[in-house]
Q: 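First, the structure itself, so that you have it in front of you.
Atom set for the values below is all heavy atoms of this structure, side chains included, hydrogens, waters and symmetry mates excluded. For this chain, numbers begin at 1 and follow the sequence in order.
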Amino acid sequence: MTRLYVSDLDGTLLDGDARLRPASRAALLRLHAAEVPFTIATARSVVSIRELMAGVPLRLPVVASNGAYVVEVESGEILAVHTVDSDAAYRAIDLARAGRLGPFVSTVAGEYGGMHYERQENEGMGWYIREREEANDPRLKRVEDVRAHVAPGVTCVTLMGREPEIRIAEREMRDRFGDVATLHAFHNWYSPDWWWLTVHGREANKGHALGVLRRLCGLEDHEVVAFGDTEGDIPLFDAADVSIAVRNADPPVRAAADHVIGPNDDDSVVRFVERDVAQRGPNKTGGPDETTREAIRVPTASGAELAVEVYRPAGPPTGAVVMVHGFASSRQSQKGQMLSAVLARAGLTVLCPDLQGHGESDGPFEELTIGRSVSDVRAVADLPAYRDAPRRALIGSSFGGLVTAWAAAEDARLCERLVLIAPALGFLERYLAEQSADAIAAWRSGTPHQIVTPWYEVALGTDILDEQSARTIDTLVSRLTTPTLSIHGTDDVAVPHAVSVDFVAREGPAPRRLRSVPGGDHSLAEHYADLVESVLTFLS
């Protein structure tokens with residue numbers, strides 16, 4: 001059986017000075033050239049992984065931040081993310097402030113995410129701040145109030161202090177939030193006498209994240225060999241077929257391992273892998289080939305140009321997908337990029353446009369309508385890469401789900417499959433029901449209507465109101481003939497789960513089914529593996 005090798009970094013693959021030794025670097029390059037499946041599972045961020053592994057290509061995604069992320073190192077594309085329960089994050093922040101333990105609050109938002117702190121409370125924090133400043137880490141941000149950065153998503157809250165204070169905070173967090181949070185209390189061996197407590201989401205552990213990585217990359221038939229040294233690696237060992245501790249590992253880790261090899265200062269991990277590969281014979285990845293990604297401009301019937309991202313598979317495409325983002329979002333959304341990359345690996349060409357008025361496309365946002373957006377989809381669908389593909393599908397998220405549903409309803413030839421992710425069907429009706437009569441009257445009179453949320457501030461004209469009566473759910477269902485899958489989180493507060501339940505239950509010509517995601521919110525950020533599996537199964 002082909003083997004996948006997965007190693008922790010600090011104390012395992014790296015030496016005692018947190019460096020990749022020259023012999024280990026050379027061995028990893030040889031393993032890469034031989035197409036041996038090898039990846040990293042670490043508490044470090046993707047930014048830090050890039051620094052440490054510079055010059056060593058990693059063909060596979062990595063597990064970062066103790067399982068909070070599955071991410072591609074070179075592109076930075078996030079394939080899966082697990083966030084911290086908001087109440088747990090707020091309590092960890094309060095404990096840190098009370099004990100002068102920081103904290104650092106790591107967030108999903110931004111190209112690299114954020115790592116926010118208010119002030120240096122102790123020398124343990126000071127060491128880390130200097131270390132990150134010397135590395136020019138773009139995530140590090142000093143802010144007035146870290147609590148203001150809990151939304152839209154926290155991947156980790158880190159407390160730093162002496163062991164007694166850290167242990168007290170750990171006990172309180174475990175007593176109150178042990179069922180929704182993953183906690184790690186450990187000594188920072190690069191900064192003597194200082195301890196860390198990290199608070200992650202419930203599913204943010206290396207073992208769970210490894211399972212996600214294997215499903216996303218088609219490596220579930222590979223035998224996993226895992227290497228580690230601290231208790232944070234035990235979930236990784238539990239998910240592996242063969243677990244290996246380095247000699248310097250903590251006693252519980254050595255006890256949990258199937259084998260113990262030499263210390264981290266002696267290139268022991270790569271020595272084992274090269275010896276194991278030599279004994280077992282050629283070992284190919286069997287995983288994803290290289291895909292490509294290109295930005296293009298596409299003209300529309302109105303003369304406006306759309307910015308379109310094209311993801312292409314390594315070999316001849318087996319089909320094509322047009323994927324449409326949500327309201328006031330763009331083709332650069334985390335979910336869209338993740339799903340596009342996975343579909344390209346599965347052999348599909350994926351075209352992701354910015355709708356007019358969004359992202360880098362032309363056109364004023366204020367003139368947004370469903371009809372204009374449908375015409376944008378048609379312009380992209382007319383590209384040869386999509387039009388001439390052997391099988392074709394439309395995928396829409398939130399408002400994009402509403403748009404793609406109407407595109408398929410108005411022209412059944414556009415696609416053979418339709419996937420709607422938390423589709424915002426009837427969104428205008430629900431929104432108008434929440435507005436005052438005066439606000440609606442002002443909007444209908446021609447005053448641009450302002451929509452302000454924590455994530456965006458936009459204005460809408462009256463054009464979208466003018467088409468409301470013709471674009472009802474009843475009309476949509478009666479005209480839609482394309483087989484359709486709706487995927488919707490049960491805890492979605494932006495577009496209620498009941499919207500998809502009602503949509504699938506209505507009588508109409510199209511075969512429609514619903515994949516409910518228990519506990520999923522509107523982003524489905526903590527359920528990417530379920531999302532990918534559902535989409536791939538339906539499209540195949």
Q: Under the ring pair (Phe, Tyr, Trp, His ring centres under 6.0 Å) test, which residues partner Trp196, sequence neighbours left out?
A: Tyr128, Phe186
Q: Please check this pair: side chain of His200 against backbone of Leu183, looking for a donor-acceptor N/O pair closer than 3.5 Å.
A: no
Q: In chain order, what residues pass the side chain to side chain contact (heavy atoms under 4.5 Å, CB included) check against Glu467, with sequence neighbours excluded?
A: Thr369, Ile370, Ile464, Arg471
Q: Taking Pro423's backbone N and O only, do any of them form a donor-acceptor pair with Ser398's side chain (distance below 3.5 Å, no angle check)?
A: no
Q: Determine the interplanar angle of the Phe427 and Phe327 rings, folded into 0 to 90°, and report it as parallel if under 30°, tilted if 30 to 60°, perpendicular if over 60°.
A: tilted
Q: Over all heavy atoms of both residues, which pair between Pro448 and Ala459 is shortest? Give the atoms and the distance, please.
A: CB-CB, 4.2 Å
Q: Which heavy atom of Lys141 sits nearest to which heavy atom of Gly114, and what is that distance?
A: NZ-CA, 3.9 Å
Q: So does Glu133 pair up with Arg130, basic N to acidic O under 4.0 Å?
A: no
Q: SG/Cys352 to CG/Leu306 distance, rounded to the nearest 0.5 angstrom?
A: 12.5 Å
Q: Drop me the distance from Leu402's CG to Leu420's CG, to the nearest 0.5 angstrom.
A: 9.0 Å
Q: Can you name the closest pair of heavy atoms from Arg515 and Pro518 and give their distance?
A: NH1-CD, 4.3 Å
Q: Give the C-alpha distance, both sets of side-chain angles, the deciding distance and a yes or no for salt bridge (charged side-chain N to carboxylate O under 4.0 Å, His left out) between Arg147 and Asp94.
A: CA-CA 9 Å; Arg147 289 176 66 95; Asp94 291 342; 2.9 Å; yes
Q: Is a side-chain donor or acceptor of Arg297 paired with a backbone partner of Ser361 at a separation under 3.5 angstrom?
A: no
Q: Mark yes or no: Arg162 above the aromatic ring of Trp195, with NZ or CZ under 6.0 Å from the six-membered ring centre and no more than 45 degrees from the axis.
A: no
Q: Is it true that a side-chain atom of Arg142 and a backbone atom of Glu118 form a donor plus acceptor pair closer than 3.5 Å?
A: yes
Q: Within a reach of under 6.0 Å around CZ of Arg97, are more than 12 heavy atoms found that belong to other residues, nucleotides or ligands?
A: yes
Q: Within the structure provided, determine whether Arg202 and Asp85 are in side-chain contact (heavy-atom separation under 4.5 Å).
A: no
Q: Can you label the angle between the Tyr431 ring and the His449 ring as parallel, tilted or perpendicular, going by 30° and 60°?
A: perpendicular
Q: Flag the pair Met115 / Ser45 as yes when at least one side-chain heavy-atom distance between them is below 4.5 Å, and no otherwise.
A: no
Q: Does atom CD of Glu294 have more than 12 heavy-atom neighbours from other groups under 6.0 Å away?
A: yes
Q: Given Val324, which of Val377, Ile395, Asp354, Leu351 fulfils the side-chain contact (heavy atoms from CB on, under 4.5 Å) condition?
A: Val377
Q: Minimum heavy-atom separation for Asn248 and Gly11, please, with both atom names.
A: ND2-O, 2.9 Å
Q: Applying the salt bridge (charged side-chain N to carboxylate O under 4.0 Å, His left out) criterion to Glu51, which one of Arg44, Arg19, Arg132 satisfies it?
A: Arg132
Q: Using side chain to side chain donor-acceptor pair (under 3.5 Å) as the criterion, point out the one residue from Lys335, His522, His325 that pairs with Ser397.
A: Lys335
Q: Has Asp492 got a side-chain atom pairing as donor or acceptor with Val495's backbone, closer than 3.5 angstrom?
A: yes
Q: Keeping Asp376 on the side-chain end and Gln356 on the backbone end, is there a donor-acceptor pair under 3.5 Å?
A: yes
Q: Which heavy-atom pair separates Arg331 from Pro353 by the least distance, and what is that distance?
A: CB-O, 4.0 Å
Q: Would you say Asp265's side chain and Gly16's backbone share a donor-acceptor pair under 3.5 angstrom?
A: yes
Q: Charged N to carboxylate O under 4.0 angstrom, Lys206 versus Asp8?
A: yes
Q: Restricting to non-hydrogen atoms, name the atom on Ala226 and the atom on Leu236 that form the minimum distance, rounded to 0.1 Å.
A: CB-CG, 3.7 Å
Q: What's the verdict on side chain to side chain contact (heavy atoms under 4.5 Å, CB included) for Leu531 and Val517, showing C-alpha distance, side-chain angles and the deciding distance?
A: CA-CA 8 Å; Leu531 173 63; Val517 182; over 6 Å; no
Q: Evaluate the side-chain proximity of Phe104 to Ile129: yes if any heavy-atom separation is below 4.5 Å, no if none is.
A: yes
Q: Classify the angle between the aromatic ring planes of His116 and His149 as parallel (below 30°), tilted (30 to 60°) or perpendicular (above 60°).
A: parallel
Q: Should the heavy atoms of other residues, nucleotides or ligands under 6.0 Å from CZ of Arg100 be counted, would the total exceed 12?
A: no
